[in-house]
Amino acid sequence: MKRTFNYCFIISKDTGVITVEQKRINNALMENRNAIIKLVTKAANGYRNWERFRNRCMLVLEKGIDFEIL
């Protein structure tokens, strides 16, 4: 189910002024990320170590990340 909202609040980084725009936005990006996290958990048959699970999710969700194994 996609939800749309009518207003978007934008805060200026320089002045801190809040502007309201009438814009259609949805939560498709968050739904996609939640689905990816569920797939990571399913592929691993669950995680017992929270730090390892968090690191794996960050690695999968972050595009263009470079890492090195020492």
Side-chain angles (χ1 to χ4, degrees):
M1 174 186 352
K2 292 185 179 180
R3 295 180 181 101
T4 58
F5 304 99
N6 291 332
Y7 298 103
C8 180
F9 298 95
I10 300 171
I11 302 172
S12 174
K13 291 181 183 178
D14 300 330
T15 60
V17 176
I18 300 173
T19 57
V20 180
E21 292 183 8
Q22 201 162 12
K23 188 184 224 183
R24 290 183 61 113
I25 58 175
N26 60 34
N27 64 347
L29 181 62
M30 287 307 299
E31 292 289 338
N32 183 25
R33 289 186 178 217
N34 285 336
I36 291 171
I37 290 171
K38 286 182 182 181
L39 284 174
V40 166
T41 307
K42 187 176 180 181
N45 292 324
Y47 278 93
R48 293 182 183 191
N49 187 342
W50 166 251
E51 303 250 340
R52 187 172 289 171
F53 171 66
R54 181 187 170 278
N55 290 339
R56 177 68 180 159
C57 289
M58 296 296 280
L59 179 67
V60 169
L61 292 173
E62 191 66 35
K63 302 297 182 201
I65 190 171
D66 294 329
F67 64 94
E68 182 177 320
I69 299 174
L70 300 174

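Side chains included, hydrogens not; waters and symmetry mates left out as well; all remaining heavy atoms used.
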CZ on Arg56 to OG1 on Thr41, rounded to 0.5 Å: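 If we round to the nearest 0.5 Å, Thr41:OG1 and Arg56:CZ are 10.5 Å apart.
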
Rounded distance [0.5 Å steps], CZ in Arg52 versus CG in Asn55: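 Reported value, rounded in 0.5 Å steps: 9.0 Å.
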
Give a yes or no on whether [X] and [Y] share a hydrophobic cluster (residues Ile, Leu, Val, Met, Phe, Trp, Tyr; joining criterion: side-chain heavy atoms under 4.5 Å apart).
{"X": "Leu61", "Y": "Val40", "answer": "yes"}
{"X": "Trp50", "Y": "Met58", "answer": "no"}
{"X": "Tyr47", "Y": "Ile37", "answer": "yes"}

Asn32 side-chain N/O to Ala28 backbone N/O, donor-acceptor pair under 3.5 Å: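 Checking the backbone N and O of Ala28 against the side chain of Asn32, no donor-acceptor pair under 3.5 Å is found.
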
